[in-house]
Number of protein chains: 4
Amino acid sequence: MEQKEARTASGSLKEKQRHEREELILQVAEEVLAEKGYYETSIDEIASRVGIAKGTVYLHFPSKEDLVVAIFRRDMQQLLERVDGVVCTEATIHNKVEAVLRCMYGRFFVKRMQLFYSIYNSGDSKRHWKDHGGNLGMCWEQLAQRISDLLEQGKATGEFDVTIPTSVMLSAFFSLLSPRSYERLMVEGKMAGDELATYLGRIYFKGISNCSGNENENTRTSD
Amino acid sequence: MEQKEARTASGSLKEKQRHEREELILQVAEEVLAEKGYYETSIDEIASRVGIAKGTVYLHFPSKEDLVVAIFRRDMQQLLERVDGVVCTEATIHNKVEAVLRCMYGRFFVKRMQLFYSIYNSGDSKRHWKDHGGNLGMCWEQLAQRISDLLEQGKATGEFDVTIPTSVMLSAFFSLLSPRSYERLMVEGKMAGDELATYLGRIYFKGISNCSGNENENTRTSD
Amino acid sequence: MEQKEARTASGSLKEKQRHEREELILQVAEEVLAEKGYYETSIDEIASRVGIAKGTVYLHFPSKEDLVVAIFRRDMQQLLERVDGVVCTEATIHNKVEAVLRCMYGRFFVKRMQLFYSIYNSGDSKRHWKDHGGNLGMCWEQLAQRISDLLEQGKATGEFDVTIPTSVMLSAFFSLLSPRSYERLMVEGKMAGDELATYLGRIYFKGISNCSGNENENTRTSD
Amino acid sequence: MEQKEARTASGSLKEKQRHEREELILQVAEEVLAEKGYYETSIDEIASRVGIAKGTVYLHFPSKEDLVVAIFRRDMQQLLERVDGVVCTEATIHNKVEAVLRCMYGRFFVKRMQLFYSIYNSGDSKRHWKDHGGNLGMCWEQLAQRISDLLEQGKATGEFDVTIPTSVMLSAFFSLLSPRSYERLMVEGKMAGDELATYLGRIYFKGISNCSGNENENTRTSD
DNA sequence: AATGAATGAGTCTTCATTCAT
DNA sequence: CATGAATGAAGACTCATTCAT
């Protein structure tokens, strides 16, 4: 009864609460998924870690898959925003790409990226995620497109090596660090996330740069 | 007494057949696993694809996990042998590393590597595979050690950039191509496996080479 | 706030229902187990006899073993309570032991005891039930202790034969009737449960009594 | 070829060997079954303990059940022979029954009896063993008959209490010691098998004897 | 809206039994 | 005969999903 008074107000209030809860579920789910992997994570665990009932999760996400897809999308959105922010800058192409690299391999996103990798590379991805693939793929494609564009521009300005296909550059960019390797370096190698990103960047950019790399050339001619 | 010869003979025959069957299971299992991932692959499916009964699989491998571990070990063994073969060569360090790279990313091994990646990076790997981890890890460590050694040697000869930690070089080497990216480039980009390996090699070696990469240096100092 | 009361109320309601369901499962399971034995009883059958799904059983009992252990415990508890009730009485030692005997071999408990016997004597009990054995054994020990105490007291008062070790008396007490024999006598011999208990009691008590039993003594000395 | 020479001779030789092997299987099987129980014992284990192939067991016994039945029968046969030997004696009825008791609970047979009990009382016996039940039951009945006769004779001579039904006496006789209790007393109580049998005999015979058991009578009148 | 009990399809695994060699 | 590889039925257990409250 007392709820009737302000239906519109409570509507937006409820809406806000709903959104907050959804966000919380996404955060916790991402955490658990990153920790245990898709198949070892049960809806039960997510719900209990959030402190809600299992059914409530289904009130927000129609299936486990959809939950994961939502995480993908949310993170991709964030990443895209950051990337777009970078692209609009007045910096060098090289610096732009490097900034993007820092986004993805820096301490902030690497956890999320790990999750994507583990699911995206889990073999069954083709069939299993096809239904949602449209959306997922679209997000991913957008990101890939942004980076591709940057790489192409870099080639145009003569910064990047035109003899290497952009698609390969792109793949290499995405593959620079597997989740597992990351963990190794961070935990066993006690390396800071950003330091790592810096090193990887150096390898990558020297690798794709247009510099002649003449010493290499010499060694290469020897075979 | 006369049975003894027969026994050894039939023993080796049986042994051979057993080994063949086992090999067949391993092959098919590897295939299915690569296709569907660990969790989406059921022993039932492996068995029916091989054309045998479920129980027969268990005759050779005491559990699903053991089956996967056996695949790991077998492939690692092969890879290690190849790598060792390469290491013994009289080639440049650079060429040796490149040869190893071709092993791992060339048409032959990439499928296997994909499986390793998908399982190794599946998040729960730490806990789930620990029991067998000793063995698996050992195989993997051996491989990593071989490559680390090569990289260190390359640094010593001045071929590789000493300012980049070997561990990072190693990780980058292992991560050059994620299974998913590979598939993309092969299928959508219609790129030959070896061609791909060549491009990746160029990026990687230029990336870790000791060349000054002065253009890059210039752009880098600008930030 | 208004939910809090409801929550407690509904909590206890749910709790009650849960308990009822659990009790129902225990009853049916006990029945089936007694009928078919541990290994021939499948969770599926228990569930379908209760009229619920297999999973529901696992909602209450984490494993088949735990289900059986729960039955054990529940029945032991009941039995212990009855025995304790008897022990507190002002009756003769003899009468107390007889009352306990009636508990165990009377119509009420004999079914349950049968189940215990069949599992307890199933050969692999040592290994198989060890984990829970702590609890189970404890219940059983308590019962055994009560009866041992009574027997010792009986010896002290001169009612029972001090020349027979209490441990043997105890074992004989527990073994007075095997489940199978019970069934025979009840079904084929058309004997009432309590009548049977009376006869067994007579044999047992005369057997352990301190009476000289001179005829026997005579015949025994003849060999 | 060399086998052809003495087909008849070898026939009986083979026959003997076959019988020896069968006996060996029975012995080992009995051992394992007593150790692990029916359901926890696999044909595989029996075969490997005997040192033969699994299939060979099936050459002698068409099924696991049949193997167990054969053990039953063999042991029952032996027991019956001993009992018959005892019955033909010129001893007192009491002594005869006691001798039978020593057979069953003495060190020699108790292991076998344990196995019988555990299977016979395993709940599913009715349905599960029905096919063979005819035979098994027959053996058992014969034994029961012998003992019943003795008990009846004892009643006739006034040695045993005529007010207790023979069927109850018989059941009590068979139930005097459950396998589990036996183990307890032997292992924990460090009691010799024969000593135990003596104590049980004393309880049992005093229990079924015709002695007035006046002290007991006194205590009994007190309630 | 939130809950969490109930569901049941799907998986791994075991083992008695068969049969080609 | 002996073998032991192959079979496949059966059972314990999990967990995403549904739905009555």
Side-chain angles (χ1 to χ4, degrees), chain A residues 3 14 17-18 21 39-48 52-67, chain B residues 3 6-7 10-11 13-14 17-18 21-22 39-48 50-67, chain C residues 3 6-7 10-11 13-14 17-18 21-22 39-48 50-67, chain D residues 3 14 17-18 21 39-48 52-67:
Chain A
Q3 292 169 338
K14 284 283 170 74
Q17 286 190 340
R18 180 189 162 79
R21 181 171 342 242
Y39 293 94
E40 296 288 317
T41 298
S42 68
I43 298 290
D44 254 315
E45 169 143 21
I46 293 171
S48 79
I52 58 177
K54 196 175 7 179
T56 310
V57 176
Y58 281 88
L59 244 45
H60 292 263
F61 308 96
S63 77
K64 190 181 178 182
E65 240 181 81
D66 286 282
L67 172 55
Chain B
Q3 291 172 340
R7 207 176 285 159
S10 77
L13 175 66
K14 285 283 174 74
Q17 285 192 339
R18 180 189 165 78
R21 170 93 73 183
E22 201 161 299
Y39 293 93
E40 295 290 317
T41 299
S42 69
I43 297 289
D44 258 313
E45 170 146 18
I46 293 172
S48 77
V50 177
I52 58 178
K54 201 179 353 184
T56 309
V57 176
Y58 282 91
L59 232 52
H60 292 265
F61 307 97
S63 77
K64 192 180 175 182
E65 233 182 87
D66 286 281
L67 173 55
Chain C
Q3 290 171 340
R7 205 176 288 159
S10 78
L13 176 65
K14 285 281 173 74
Q17 285 192 339
R18 180 189 164 76
R21 170 91 72 182
E22 201 161 301
Y39 294 93
E40 295 290 318
T41 299
S42 70
I43 297 289
D44 259 311
E45 168 145 20
I46 293 172
S48 77
V50 177
I52 59 178
K54 198 181 356 185
T56 309
V57 176
Y58 283 92
L59 231 53
H60 293 265
F61 307 96
S63 77
K64 192 180 176 183
E65 232 181 271
D66 285 282
L67 172 55
Chain D
Q3 292 168 340
K14 285 280 170 79
Q17 286 189 338
R18 181 188 162 77
R21 195 194 304 268
Y39 293 94
E40 297 288 318
T41 298
S42 68
I43 297 290
D44 254 316
E45 168 143 20
I46 293 172
S48 78
I52 58 178
K54 194 169 18 173
T56 310
V57 175
Y58 281 88
L59 245 44
H60 292 264
F61 307 96
S63 78
K64 191 181 178 183
E65 239 182 81
D66 286 282
L67 172 56

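Side chains included, hydrogens not; waters and symmetry mates left out as well; all remaining heavy atoms used. Labels below follow one simple rule: chain letters A, B, ... track the order of the sequence lines, proteins then strands, and each chain is numbered from 1.
Counting any heavy atom pair closer than 4.0 Å across all strands shown, C:Thr56 reaches a base atom. Nucleic acid contact for B:Thr41: sugar-phosphate only, since backbone atoms but no base atoms lie under 4.0 Å from a heavy atom of the residue.
Listed nucleotides: F:dA5, F:dT17, F:dG8. Nearest to the side chain of B:Arg18: F:dA5. Of the candidate nucleotides E:dT11, F:dT14, F:dA16, F:dA16 has the atom lying nearest to any side-chain atom of A:Lys54. Side-chain atoms of C:Ser42 lie closest to F:dA12 of the nucleotides F:dA6, E:dC12, F:dA12.
Distance, D:Lys64 NZ to E:dA16 P: 4 Å, rounded to whole Å. When rounded to the nearest whole Å, the span between CD1 of A:Ile46 and P of E:dA2 equals 17 Å. Taking atom CD of residue C:Gln17 and atom C1' of nucleotide E:dA5, one finds them 10 Å apart after rounding to whole Å. Rounded to whole Å, atom P of F:dA5 lies 8 Å from atom NE2 of B:His60. Remark: P of E:dC15 and CD of D:Glu45 are 10 Å apart, rounded to the nearest angstrom. What separates CG of A:Asp66 from C1' of F:dT17 is a distance of 12 Å, to the nearest Å. As rounded to whole Å, 16 Å separates atom C1' of F:dT17 from atom CZ of A:Phe61. Computed from coordinates, the A:Lys14 NZ to E:dA2 C1' distance equals 11 Å when rounded to whole Å.
If C:Ala53 and B:Ser63 are placed on DNA chain E by their nearest nucleotide, the residue sitting closer to the 5' end is C:Ala53. Nearest-nucleotide positions on DNA chain F for B:Leu59 and C:Ile43 put B:Leu59 closer to the 5' end. Nearer the 5' end of DNA chain F, as judged by each residue's closest nucleotide, is the contact made by D:Ile52, out of D:Ile52 and C:Asp44.
Using Watson-Crick or G-U wobble geometry with both donor-acceptor distances under 3.5 Å, E:dA1 finds no partner in any strand shown. Pairing of F:dA5, defined by two Watson-Crick or G-U wobble distances under 3.5 Å, is identified with E:dT18.
To the nearest 0.5 Å, the span separating CD1 on D:Ile52 from CD1 on D:Ile46 amounts to 9.5 Å. Here B:Glu22 contributes atom CD and B:Leu67 contributes atom CG; the two are 9.5 Å apart, rounded to the nearest 0.5 Å. Atom CG of A:Asp44 sits about 4.0 Å away from atom NZ of A:Lys54, to the nearest 0.5 Å.
Contact of the C:Leu59 side chain with the C:Arg21 side chain is not registered, since no non-hydrogen atoms from C-beta on lie closer than 4.5 Å. Looking at heavy atoms from C-beta onward, B:Val57 lies out of side-chain contact with B:Val50 at the 4.5 angstrom threshold.
Between A:Arg21 and E:dA1 there is no side-chain N or O to OP1 or OP2 distance below 4.0 Å.
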